[in-house]
Amino acid sequence: MISNKKLRTAKYGYIVISILISAFGITLIAFPKFSVSLLCWIGGVLLILFGLVKIIGYISKDPYRLAFQFDLAFGIFVMALGAVLILRTDELLHIISILFGIGIFADALLKVQIAIDSKNFGIDKWWIILSIAIITGIVGFLLIFRPYASVKLIMILLGISLLSEGILNLITVLSVVKIIENRPKI
């Protein structure tokens, strides 16, 4: 029998990180004058944790192989981006929205593919993942091209992006990751 320990860790880790990302997004929307240095530090820590959860998800024995199929490479990318945000905060302050926008846009594109694969696999809620992935992708794309707008506007847009990203990840993991007890080794 296969142990579901890694899969359970990945699923619940995804849920917790998704809630934290959403909460951080709500904070930025509510307080758009949030310290950019603190944003880099908190964002960097969240990205490192999220990357770690993505890698655990990739090495887990997810029976459907949908939610975590791109998470090894993207997990490493997210962890590296998080480390850069923490270690090079001063140099990144003027391009923070571009970095977050690229990461959010890329993840949204991967979730579009997961939604389509989910539809082909017969998962009923594939269209919810697709809809939120498209919205998240649009907001991430806007974030990439609005770096010279006012700081307040960028922070609100970043908050909306993070909220959308958190919701997208939460819905994806809840819809697609199934833990099957006592399944035979493949």
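Identified under the ring-ring contact (aromatic ring centres under 6.0 Å, His included) test for residues 28-48, with sequence neighbours left out: Phe24-Phe34. Each salt bridge (Lys or Arg N to Asp or Glu O under 4.0 Å) pair with one or both residues in residues 29-52, not counting sequence neighbours, would appear here, but there are none. Applying the salt bridge (Lys or Arg N to Asp or Glu O under 4.0 Å) definition to pairs two or more places apart or across chains, none involves residues 155-174.
In terms of heavy atoms, Ser175 sits closest to Ile123 at O-CG2, 3.8 Å. When all heavy atoms of Leu163 and Ser22 are compared, the closest pair comes out as O-OG, 3.6 Å. Residue Ile104 comes nearest to Ser161 through the heavy atom pair CD1-CB, 3.5 Å, listed as atom of the first residue, atom of the second, then distance. Scanning all heavy atoms of the two residues, the minimum distance from Asn169 to Ser18 falls at CB-OG, 3.2 Å. Across every non-hydrogen atom of Gly57 and Ala10, the tightest pair is CA-CB, 3.3 Å. In terms of heavy atoms, Met155 sits closest to Leu28 at O-CB, 3.7 Å.
Residues meeting the side-chain contact (heavy atoms from CB on, under 4.5 Å) test with Ile17, sequence neighbours left out: Leu20, Ile21, Leu49, Phe50, Val53. Remark: Lys152 engages Pro32, Ser150, Ile156 in a side-chain contact (heavy atoms from CB on, under 4.5 Å) (not counting sequence neighbours). Not counting sequence neighbours, the partners of Lys54 by the salt bridge (Lys or Arg N to Asp or Glu O under 4.0 Å) test are Asp71, Asp107.
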Trace of the side chain to side chain contact (heavy atoms under 4.5 Å, CB included) decision for Leu85 with Phe100: CA-CA 10 Å; Leu85 282 174; Phe100 272 98; 3.7 Å; yes
Stepwise side chain to side chain contact (heavy atoms under 4.5 Å, CB included) test for Lys6 and Ile59: CA-CA 8 Å; Lys6 287 180 194 168; Ile59 62 173; 4.2 Å; yes
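Around atom CG of Asn120, more than 12 heavy atoms belonging to other residues, nucleotides or ligands sit under 6.0 Å away.
Panel note: side chain Lys111, backbone Leu168; no donor-acceptor pair is recorded below 3.5 Å.
Here the straight-line distance linking atom CD1 of Ile29 with atom CD1 of Ile160 works out to 5.0 Å at 0.5 Å rounding.
A heavy-atom distance below 4.5 Å is found between the side chains of Phe74 and Leu110. Proximity of Ile42 to Thr27: side-chain heavy atoms (C-beta onward) are nowhere separated by under 4.5 Å.
Placement of Ile76 and Leu81 within a single hydrophobic cluster is found when ILVMFWY residues are connected by side-chain heavy-atom separations under 4.5 Å, directly or transitively. Leu162 and Leu153 fall into different hydrophobic clusters, defined by Ile, Leu, Val, Met, Phe, Trp and Tyr side-chain heavy atoms under 4.5 Å apart, directly or through other members.
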Side-chain donor-acceptor pairs of residues 128-144 under 3.5 Å, sequence neighbours excluded:
{"residue": "Ser131", "atom": "OG", "partner": "Trp127", "partner atom": "O", "Å": "2.8"}
{"residue": "Thr136", "atom": "OG1", "partner": "Ile132", "partner atom": "O", "Å": "2.8"}
{"residue": "Thr136", "atom": "OG1", "partner": "Ser164", "partner atom": "O", "Å": "3.4"}
{"residue": "Thr136", "atom": "OG1", "partner": "Ser164", "partner atom": "OG", "Å": "2.4"}

